[in-house]
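Here's the structure we're looking at; comments come further down.
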Amino acid sequence: MNGVRDFESLFEVSGRPLALHAFVVGYEPISESVSVRGGRPGRYLLEPVTAAAVAYDDGWVLLDGGFNLDVVRDEVKRAQHFNYETYTPVVPPGDPLRDGVAGAGLSWDRLAGCAISHAHVDHTGIVPTLPDQVPVVIQRREWEWVSGGAARPQFVVPADLLEAQERIRVIDGDAVLAPGLTALDTSGHTPGHQSFMIELPGRTVVLACDAADLHVNITSRTPCGWTPEPDGDERAQRAIDRLADLAEAGVEVWPGHDPDWVPWAAAMRGEDVTVR
Ligand SMILES: [Zn+2]
């Protein structure tokens, strides 16, 4: 399929996850009605854009990659890819993701792989700048959506993924990416959205990503308000029910964009957020 190979092997890390490093790599004003079905269209939240690193003894894995800074900071490209009437990316000075990775003591030489929750602009930006040998995992349905023409109206910068085609590995549904790191099918928000479960020494964390922007999505079992497909609402409901079931079973489920979620709030204050 277009030169994209099926996922062949796990990321090359061994042992178990030792730590999860959580980063806030930008911000975006989002209407409550986009984050929560039935929310108020005129109420805007300044939501953090989040990413994370899972550290192993012999390498690490990146989960999501924020904005493409080359696009955000170029007047012409920004106008091509972002529609100010509906969406505005906000990135602090510098390179927040690379600064966060450095602050966590991780080296890009030891990056074993990257998994992207979904193809929206606030998650794919790092992909074109990753080293050539680093595999990038997304769900097959997501790849088909992007390679089938999703673009600015769908909040996608297609080149982020299409130009990395050689390194894209597709998976179907739940899959073990590395020991103690599992992709969970939480499609609906986009056709192939995935969340990530990380089994740390002392706790298990699920990064919901955009299957739950806010904690209230999980506690009220209310999905996000934006879906691109006719069956998106139904699938988004299944996804939020899956995450809510995990939360009720005692798993920590972290919403993807909640400014009040304690770890993200700490990262927004510039604090190191490392959980083990
Ligand atoms: Zn997002």
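In this text, all values refer to a predicted model and were calculated from it rather than measured experimentally. Both counts, for ligands and for their atoms, begin at 1 and track the order of listing.
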TODO: In sequence, state the C-alpha distance, the side-chain angles, and the governing distance for Glu248 and Arg221, and then conclude on salt bridge (Lys or Arg N to Asp or Glu O under 4.0 Å).
DONE: CA-CA 11 Å; Glu248 284 172 15; Arg221 294 179 179 258; 3.1 Å; yes
Open item on the list: Check Arg238 with Glu234, please: is the shortest side-chain N to carboxylate O separation under 4.0 Å?
Closed with: yes
Task: Residues Arg110 and Asp58 bridged, charged N to O under 4.0 Å - done: no
Task: Neighbouring protein N, O or S atoms of the Zn ion (ligand 1) [cut-off: under 2.8 Å, no waters] - done: Asp122 OD2, His123 NE2, Asp210 OD2, His257 NE2
Open item on the list: Using a strict threshold of under 4.0 Å (side-chain N to carboxylate O), is an ion pair present between Asp74 and Arg78?
Closed with: no
Task: Arg73/Asp95 salt bridge by N-O under 4.0 Å criterion - done: no
TODO: Show which residues join Ile218 in its hydrophobic cluster (side-chain heavy-atom contacts under 4.5 Å, direct or indirect), or state none.
DONE: Leu184, Met197, Val206, Ile240, Leu243, Leu246, Val251, Val253
